[in-house]
Amino acid sequence: MASSGAQTELRLVVLGRTGAGQRSTVCSILGLQDSEQGRESAGCSKHRGEAAGRQVLVVSSPDWFSSDYDPEERRSHISTLITFSSPGPHAFLLCVSVNQPADEETKALDVLEKVLGPSAVSRNTILVFTNMEELEEHERLEDYLLTWRKDLQALLERCGGRYHTLETRSGEPGSLEEMLEKVEKAVKESGDEHFSCPLYQQVEDQLRKKQLEIVREWRKEAQVVDLDMTDEEMEEAREEAERSLRDLNVDLDQVFPSSTVSNSSPHASSPLGFWETLVSWVLWLPTLVRREALLGALVGLFVGGPLGGVVGATVGSVATEVGRRKTHKTK
């Protein structure tokens, strides 16, 4: 039993790897300065506000789809994300940096499909491209993806071609109104009021039952019978119900096979940590060596097999293009 205000608000779940622009995306949507959002949270967070004339609820989540997370910590993040965005988000906004390989984002889409169902990606996910300053002055994002970034283009195709950017190459903010219109269009095309699946339905049923229990308890303590609760009181009861449902029985064994996670250096063991370490080492080499080609070859050797060749080629092409752009901009 949600308040009438909650029924009309747009619920947005913001996802993305560390450093891909989640924080700035949340601030852009809610019209906050970066300092107003508070310190970086290690867990999920929920914010309400007004954006382009609409009431919005924004749920931000850490990159629990990364291989670095402890299984129980990952389960807690997913449980909180689903509880905060119940009865279901109108859109998942996946922040994607245009100057990073798409391995983590591919994994994020895979996880969404396995946990929530294919329609979570195909109908309700919108890519939010960040770090747009990497594009040249008159270069269109579409041309950049088609020419240089087949990996990002593949992500886009999985999401039905839906994308937006809240930043421009000149540093000016992108159109928030346009992005929310894309969210509303995606919802309309899906034929549903918002995204839903059996897991969200289960959570919403539990939340409503708990909410009613809390309301009855409050009335009993106040010795009040048949008194309508205000929207504010119902929302407060809803918040208390959410706090009681942080540990859902989400089956993740098929999504994340059991593996030993090293606590000594989790960053270095992650795909992003390996990428950054390898890039910094290659850039130290003499300029006579073709750095980008070497980087791709090293990645290919690291991965191994036919897949290594494909990954290495992608990494090499991305590194080549990023290096070319940085050289061009310094001239």
Side-chain angles (χ1 to χ4, degrees), residues 14-22 24-25 63 65-66 92-113 121-122 125-171 174 178-179 182 270-280 282-283 290-300 302-303 306-330:
V14 181
L15 303 170
R17 72 166 81 191
T18 301
Q22 278 180 277
S24 61
T25 296
D63 55 347
F65 44 84
S66 169
F92 297 94
L93 305 178
L94 178 60
C95 298
V96 180
S97 175
V98 298
N99 65 345
Q100 292 285 355
D103 51 355
E104 290 293 291
E105 290 73 23
T106 299
K107 190 183 301 180
L109 295 186
D110 290 342
V111 171
L112 282 181
E113 288 181 344
V121 172
S122 63
T125 296
I126 297 175
L127 302 185
V128 179
F129 287 109
T130 62
N131 291 324
M132 292 292 290
E133 71 277 1
E134 292 297 332
L135 271 66
E136 295 181 354
E137 185 177 357
H138 300 294
E139 186 173 27
R140 296 171 66 247
L141 176 60
E142 295 85 349
D143 296 335
Y144 171 72
L145 298 181
L146 287 171
T147 304
W148 301 104
R149 299 303 307 274
K150 301 297 184 182
D151 54 339
L152 297 185
Q153 182 65 29
L155 290 180
L156 186 57
E157 291 171 359
R158 290 181 66 179
C159 298
R162 293 180 299 274
Y163 74 94
H164 193 67
T165 179
L166 288 172
E167 59 187 53
T168 63
R169 288 181 291 275
S170 61
E178 183 180 351
M179 188 189 79
K182 291 178 181 178
S270 69
L272 179 57
F274 168 72
W275 166 266
E276 293 175 344
T277 301
L278 197 55
V279 168
S280 63
V282 170
L283 292 179
R290 180 68 174 177
R291 295 170 178 170
E292 296 83 0
L294 178 58
L295 176 58
L298 287 171
V299 172
F302 179 84
V303 176
L307 178 60
V310 175
V311 174
T314 300
V315 169
S317 63
V318 172
T320 299
E321 175 59 9
V322 171
R324 183 185 67 81
R325 290 165 185 278
K326 289 183 177 180
T327 301
H328 177 75
K329 289 181 179 182
T330 57

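Here the structure is a predicted model, which is why all the values come from computation and not from measurement.
In this structure, the side chains of V121 and C159 come closer than 4.5 Å at one or more pairs of heavy atoms. Between L15 and L112, the closest side-chain pair of non-hydrogen atoms falls below 4.5 Å. Between Y144 and M132, the closest side-chain pair of non-hydrogen atoms is not below 4.5 Å. For the pair L94 and I126, the minimum side-chain heavy-atom distance is 4.5 Å or more.
Residue C95 holds its SG atom at 9.5 Å from CD of E105, rounded to the nearest 0.5 Å. Going from atom CG of L156 over to atom CG of L127 covers 5.5 Å, rounded to the nearest 0.5 Å. Distance check: L135 CG to T165 OG1 gives 9.0 Å after rounding to the nearest 0.5 Å. Expressed to the nearest 0.5 Å, how far CZ of R140 lies from CG of L145 amounts to 10.0 Å. K150 NZ to E157 CD: the interatomic distance, rounded to the nearest 0.5 Å, is 9.0 Å. A distance of 7.0 Å separates CD in Q22 from CG in D63, rounded to the nearest 0.5 Å.
The minimum heavy-atom distance between G21 and S24, with the atom names listed, is O-OG, 3.0 Å. In terms of heavy atoms, L152 sits closest to S97 at CD1-O, 4.4 Å. For K107 against F65, the heavy-atom pair with the smallest separation is CD-O, 2.9 Å.
Evaluation of the ring-ring contact (aromatic ring centres under 6.0 Å, His included) rule for F92 yields F195 as partners, not counting sequence neighbours. Legend: residues meeting salt bridge (Lys or Arg N to Asp or Glu O under 4.0 Å) with K182, ordered by chain and number and at least two apart, are E178. By the side-chain contact (heavy atoms from CB on, under 4.5 Å) test, T106 is found to be paired with A102, D110, L155, R158, residues two or more places apart in sequence or in another chain being considered.
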> Is there a salt bridge (Lys or Arg N to Asp or Glu O under 4.0 Å) between R149 and D143 once you walk through the steps?
Replying inline: CA-CA 9 Å; R149 299 303 307 274; D143 296 335; over 6 Å; no

>> L109 vs T125, test: side-chain contact (heavy atoms from CB on, under 4.5 Å). Steps then yes/no.
In response: CA-CA 9 Å; L109 295 186; T125 296; 4.2 Å; yes

>> If you apply the rule side-chain contact (heavy atoms from CB on, under 4.5 Å), what do you find for M179 with L166, and how did you get there?
In response: CA-CA 8 Å; M179 188 189 79; L166 288 172; 4.0 Å; yes

>> The test is side-chain contact (heavy atoms from CB on, under 4.5 Å); show your working for L141 and V98 and say whether it passes.
In response: CA-CA 9 Å; L141 176 60; V98 298; 4.2 Å; yes

>> Applying side-chain contact (heavy atoms from CB on, under 4.5 Å) to V96 and V128, what does each step give before you reach the verdict?
In response: CA-CA 6 Å; V96 180; V128 179; over 6 Å; no

